[in-house]
Structure formats: C-alpha cells, structure tokens
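Inspection log for the structure reproduced underneath, given as structure tokens.
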Amino acid sequence: MSDFQTTVREIITYVKIRTPLIVLHTRERDRAESVVRTVSDKTGLAVEMYKSAVDFSCLTDDVNKKKNAVFALFETDGFEKDRASVKSAVKAVRLAADRGCVLVFVTDEPVCEELSRLGVFVKLGLPSKKEREAMIRDFMAEEQIRTLPPEKISQSAVILGGYTAMQLNTVMKYTLNTDDGFTYENLCKTAMEKDKIFGRNPAVRRIKVRGVQMAGMDAVKEWLLKKQKIFFSPDEELAAKFLHPPKGALMVGVPGCGKSLTARLISCEWHLPLYRFDIGAVFSASAGESETNLRRALDYIGSVSPCIVWIDEIEKELAAGHDNEAAQRILGAVLFWLQENAERVFLIATANDVTKLPPELFRKGRFDEVFFVDLPNEAERKSAINLFAKLSLTVRLTEEEMDALAKISEGFSYADIEWAIKTVAEEEYTLGMCGSYTRLDSVFQRTVGILSRNREYIESLRKWGEECATPASGRK
C-alpha cells in the first residue's frame, strides 16, 4: 500500500511514458485530487479535472482535441453497469493512447476486464505514519498547541493509524474540543472509539476497558514491554533491520489464571482499542457466505488497526465442531491471516484444551510466543490477595495474615481467590459486616480450588506446558 509521495512518483513515471489509463485506487477523493495536482505541478502538464459523473462520449471529444494532456476522472463508480458507457470508455482510452494523453480513473471499486487490460493500477493507501506525524504537527501549529512533545507525536501517529486524512482531522478537532483538551491521553481515549467511525461487524465486538491490574504473569509483562517498543516503532526503522511489528501471543493454560485478562491489560497500557473476534459468528448455512463473512471481519480488523484483538478459547472456534469443507476453508483462511497479516494488530488468543488445537496453529510466524499459564505459586497468590483486598475490602490485611491466606489457597486460581475475597466484600456491603481476617479465613477454608476439582486435567496441561511453551510466570 503506497503512501502519498510514493503514489505521486509512480504516477509521474506512468505519465512520462504516456500510459493511457491509470486506475488510482483510493477511498479518499480529496487526497487523490492532491496527488493529481502534485503530479501536474511536478510535470508541468495541465490536468483536466472531471469532478462529476462523466459522459464518455464527451470525454472522447475532449481527448480528440488535445495532445499530451492528462484527464482526471473522480466519479467513475457504477458506469460499468451500462455496456454503452464501457464501450465509450474503452474508445476514450484507445484514443488517449493515440494522442499521447493519460486518463486517471479515481475509484475504490474494481474496474471491468476490458479496461483493466488497457492500463495500470496504483494504490493510494491511508496516510502513512510520517504523513500522520506531519498532520499532527500542522494541526498543533494551526491551533497553537504545545501539549505533545516529539516522542508523543510519534506514538500518537501510530495510534491514529487506520484513519483517512479527513477522519484523522475530525478526531483531532474532536479531541481539542473535549474538556481535557489536546493531550496524548485524551487523543488515545478518542482514538479508542474507532467503531463510531468504522461502524460495526457482527463477528468483531469492541470491549470497553478501564483501569486493569493483574497479579503475577511476570514473564508475560516483561515480554510485553519489549514488544510494545517494537509495535510502536516506525516502519522504516523496522524495515532497516528486517523486522515486522509483533503479531501477538497464544496463551494456553489453566482457566481463571489471567489468560484473557492479558488482552485487557495490553489494551489499557498501550492505549489501543480491544476487539473480541468471534470466529464462530462467521459461519453460515448458505454456500460461500461463511468465507464472505470472514473476509469482511478481517477487513474490519484491518480498518480499525492499530488495535488489540482477543480470540477467547480459540480451540472451540477452530475445532471440528464445524466439521465440513467450508470449516476447513475458514481454518485455512484464518491461519493464512495469522501468518501474513501486515497490519498493526496484536492478537491474544487463549486456549484451555490443547488437544483440540490444530497443529498448524503452532507454526512459527503465526504467534510471536506461546505461553503456558499455570496456577499461581505462593508469592503470586499473596500478591493477588493483596490486590483484590485493596480493591474490594475496607479491612487492611497484615503481612502475616496475607501469608496465611496464601498458604490456605494452594491450588487456587486467581479467579478462586477473587471470588473468595469478593464474597466477603459483598457481605461488607449488603450486611454491614466487617470484612475481618477471620471471615476471610473461613471463606478461604471452604473454597474448593480448581486444582482439587480438576487435578488430572491440570496435570496433563502442565506436562504439555513444560515441553511446548514458555512459562507465563517466568518460573520453571
């Protein structure tokens, strides 16, 4: 996908060799017009602009009157439904070749085969990171704003990816006119609302995220800090080292131990919107509809990038529950997307049952890392008890009390610990009871942890994790 300057250079080259038809693919008519005007300035050739629907018979007459001229057509969508218009368009292109003229068709739709054989195609992508940085600086200068230092301008340019130039300008104006004004944090907050601009997709749902705190998972947190720097690095710096933006991680392990919470944590700390991708929602009984639904969902994810995408229990999404030919094509398409997707999309996929995962999922390049998420050890349980108690209870536990609860809760998941503490917090709130250590001890004593309920399942998971994955906590 070409940026503005690359597109200008391409078109200048084609104009110099008098290519009779250039199809400029873009959703941004205003930027396309800027491209054409820049080409005119750099080549010294006058450009005839046709900004309304074109009568190709009249265009043919105009081409016949001139030599070495450039004609830019901005309203070409839909003419291919009329065979007479197609014939007239083909005649105009052939005449342009004879007269040394160039026709530039601006469209975001495919062109018919008769025309595609006569010309070349140039893609004008959305504003690049460098263009977005320039737009932010220009906006700040125009509005006399000095709230963003250079490093925040660079980060803002990454976060504002996926917008057209017009949309980006709207986002900046909206941010400026909110109560908090044009700050980096507020710009990130506004950018989170991409679904208001891009609409919605049935299989891709935005998850609203507030402040997220997570105990344990130290190896994951350390890994994410490194990946964050790469994710927000400029394309040219990554290309110079033959690197690509990180793709994400597959989180496998015990339920209730923080796999899904990881996606929320990244969204919160990276200031990026979080979307849950429900692959099962793309399936349809109609022939070919499932593939169409998947393509639309993946296109939508690309349009709202950069973003965090979460696929929960991916083994159920990709398992043989849809055991048919269409399901196999969907699986292949998803795996191809995981491998080849070039958008800034950071994917967190979670799984509880590795036996149902297709082996192709573990091919290198589809995820940056596969983490095994085990039950929390004693130190991690203490950290979780401290966190949940601070969030939900009025009582403040001593170190000795937290140590005792950490020992009692051996075999608990984080979800088990949270449930036990919130049970006491609800009693505080509804009955006016004091959330004492004694009450916590009682609830912890009668809580049956996940290890006691599913020992055989967890031991088999642990065996797989030791052999095939990186420990999420950092411990072996």
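Note that the structure is predicted; figures quoted are calculated from it, not measured. Here, residue 1 is the first one in the sequence, and each next residue gets the next number. We use all heavy atoms of the structure for the numbers below, so side chains are in, but hydrogens, waters and symmetry mates are not.
- Taking CG from L393 and CG from L440, the interatomic distance works out to 5.5 Å, rounded to the nearest 0.5 Å.
- Using a 4.5 Å heavy-atom threshold, the side chains of M172 and I136 count as touching.
- With contacts defined as side-chain heavy-atom distances shorter than 4.5 Å, the pair I311/L347 qualifies.
- In the displayed structure, E236 atom CD is contacted under 6.0 Å by more than 12 heavy atoms of other residues, nucleotides or ligands.
- With a 6.0 Å radius and a threshold of 12 heavy atoms from other residues, nucleotides or ligands, R146 has its CZ atom at or below the threshold.
- In this structure, S305 contributes its side chain and C307 its backbone to no donor-acceptor pair below 3.5 Å.
- In terms of heavy-atom proximity, P273 sits nearest to S267 at C-OG, 4.0 Å.
- For K227 (side chain) and G248 (main-chain N/O), no donor-acceptor pair under 3.5 Å exists by modelled atom type.
- Between the side chain of T447 and the backbone N or O of G449 there is no donor-acceptor pair closer than 3.5 Å.
- Residues passing the salt bridge (Lys or Arg N to Asp or Glu O under 4.0 Å) test with R455, sequence neighbours excluded: none.
- Residues D30 and M166 form a side-chain contact, since some pair of their non-hydrogen atoms from C-beta on lies under 4.5 Å apart.
- Salt-bridge formation is detected for the pair D416/R453: a Lys NZ or Arg NE/NH1/NH2 atom is positioned less than 4.0 Å from an Asp or Glu carboxylate oxygen.
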For this session: Report the C-alpha distance between Q213 and L391 in whole Å, list the side-chain angles of each, state the deciding distance to 0.1 Å, and finish with yes or no for side chain to side chain contact (heavy atoms under 4.5 Å, CB included).
Result: CA-CA 10 Å; Q213 300 180 60; L391 292 174; 3.7 Å; yes
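- Annotation for E459: atom CD counts as buried by contact number, over 12 foreign heavy atoms lying within 6.0 Å.
- Across all their heavy atoms, W310 and R264 have their closest contact at CZ3-NH2, 4.4 Å.
- No donor-acceptor pair closer than 3.5 Å links the side chain of E143 to the backbone N or O of M140.
- For the pair E237 and K241, the salt-bridge criterion is not met [side-chain N within less than 4.0 Å of a carboxylate O].
- In terms of modelled atom types and a separation under 3.5 Å, the side chain of E315 and the main chain of N352 share a donor-acceptor contact.
- You'll find the side chain of F105 reaches within 4.5 Å of the side chain of L21, heavy atoms only.
- A donor-acceptor pair under 3.5 Å is absent between the side-chain atoms of T19 and the main chain of V15, judged by distance alone.
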Exercise. Does the side chain to side chain contact (heavy atoms under 4.5 Å, CB included) test come out yes or no for I421 and F444, once each step is laid out?
Worked result: CA-CA 8 Å; I421 290 175; F444 269 64; 4.0 Å; yes
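- Closest approach of Y414 and G216 over heavy atoms only: OH-CA, 3.3 Å.
- A donor-acceptor contact closer than 3.5 angstrom links the side chains of D3 and T6.
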Problem set entry | From CA spacing to verdict: side chain to side chain contact (heavy atoms under 4.5 Å, CB included), L238, I230 | CA-CA 8 Å; L238 295 180; I230 299 173; 3.8 Å; yes
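- Pairs passing the ring-ring contact (aromatic ring centres under 6.0 Å, His included) check and including a residue from residues 244-267, sequence neighbours excluded, do not occur.
- No donor-acceptor pair under 3.5 Å is formed between the side chain of D108 and the backbone N or O of T26.
- By the 4.5 Å heavy-atom criterion applied to side chains, R366 and K247 are not counted as neighbours.
- Side-chain atoms of E28 never come within 3.5 Å of backbone atoms of T164 as a donor-acceptor pair (strictly under, hydrogens ignored).
- Across P255 and Y457, no two heavy atoms sit closer than the pair CD-OH, 3.5 Å.
- Residues P471 and A219 come closest through the heavy atom pair O-CB, 3.4 Å.
- In this structure K16 satisfies the side chain to side chain contact (heavy atoms under 4.5 Å, CB included) test together with I12, sequence neighbours excluded.
- A donor-acceptor pair shorter than 3.5 Å cannot be found between the side chains of K152 and T147.
- A 6.0 Å sphere centred on CZ of R27 holds no more than 12 heavy atoms belonging to other residues, nucleotides or ligands.
- Around atom CZ of R205, no more than 12 heavy atoms belonging to other residues, nucleotides or ligands sit under 6.0 Å away.
- Within the 4.5 Å cutoff, the side chain of V39 has no heavy atoms near those of the V47 side chain.
- A distance of 5.0 Å separates CD in E380 from OG in S473, rounded to the nearest 0.5 Å.
- When ring centroids are compared, F182 and F139 come within the 6.0 Å threshold.
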For this session: Could you walk me through whether S290 and N293 pass side-chain hydrogen bond (donor to acceptor under 3.5 Å, both in side chains), step by step?
Result: CA-CA 5 Å; S290 299; N293 292 341; 5.5 Å; no
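- T262 places none of its side-chain heavy atoms less than 4.5 Å from the side chain of F371.
- Counting heavy-atom neighbours within 6.0 Å of E360 CD, excluding the residue itself, gives a total above 12.
- Below 30°, between 30° and 60°, or above 60°: for F231 and F346 the angle between ring planes is above 60°, a perpendicular geometry.
- Applying the salt bridge (Lys or Arg N to Asp or Glu O under 4.0 Å) rule to D235 yields the partners R344; only residues at least two apart in sequence or on another chain are considered.
- By the salt bridge (Lys or Arg N to Asp or Glu O under 4.0 Å) test, E378 pairs with K407, sequence neighbours left out.
- For the residue pair I385 and S409, the shortest heavy atom distance occurs at CD1-OG, 4.2 Å.
- Salt bridge K316/E313: present, at least one basic N to carboxylate O contact under 4.0 Å.
- Here the side chains of S34 and F4 are in contact, with some heavy-atom distance below 4.5 Å.
- A salt bridge links E399 with K382: the closest approach of a Lys/Arg side-chain nitrogen to an acidic carboxylate oxygen falls below 4.0 angstrom.
- Residue-environment remark: CZ (F336) stays at or below the threshold of 12 foreign heavy atoms within 6.0 Å.
- A salt bridge links R31 to E131: at least one charged side-chain nitrogen sits closer than 4.0 Å to a carboxylate oxygen.
- For K422, the NZ atom is loosely surrounded, since the number of other residues' heavy atoms within 6.0 Å does not exceed 12.
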For this session: Give the C-alpha distance, both sets of side-chain angles, the deciding distance and a yes or no for side chain to side chain contact (heavy atoms under 4.5 Å, CB included) between L361 and I314.
Result: CA-CA 10 Å; L361 194 66; I314 193 172; 4.3 Å; yes
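- Among pairs with a residue in residues 174-189, those fulfilling side-chain hydrogen bond (donor to acceptor under 3.5 Å, both in side chains) read Q155-Y184, T175-T190, T178-N186, at least two apart in sequence or across chains.
- Checked by atom type and distance alone, the side chain of R276 never pairs as donor or acceptor with a backbone atom of I207 at under 3.5 Å.
- Salt bridge annotation for E291-R295: absent, with no cationic side-chain nitrogen under 4.0 angstrom from a carboxylate oxygen.
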For this session: Evaluate the criterion side-chain hydrogen bond (donor to acceptor under 3.5 Å, both in side chains) for residue pair D312 and T350; output intermediate values, then yes/no.
Result: CA-CA 5 Å; D312 194 30; T350 70; 2.8 Å; yes
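- Aromatic ring orientation, F232 versus W270: perpendicular (interplanar angle above 60°, classes split at 30° and 60°).
- Ionic pairing of R462 and E466 is not present here: no N-O contact between side-chain nitrogen and carboxylate oxygen is shorter than 4.0 angstrom.
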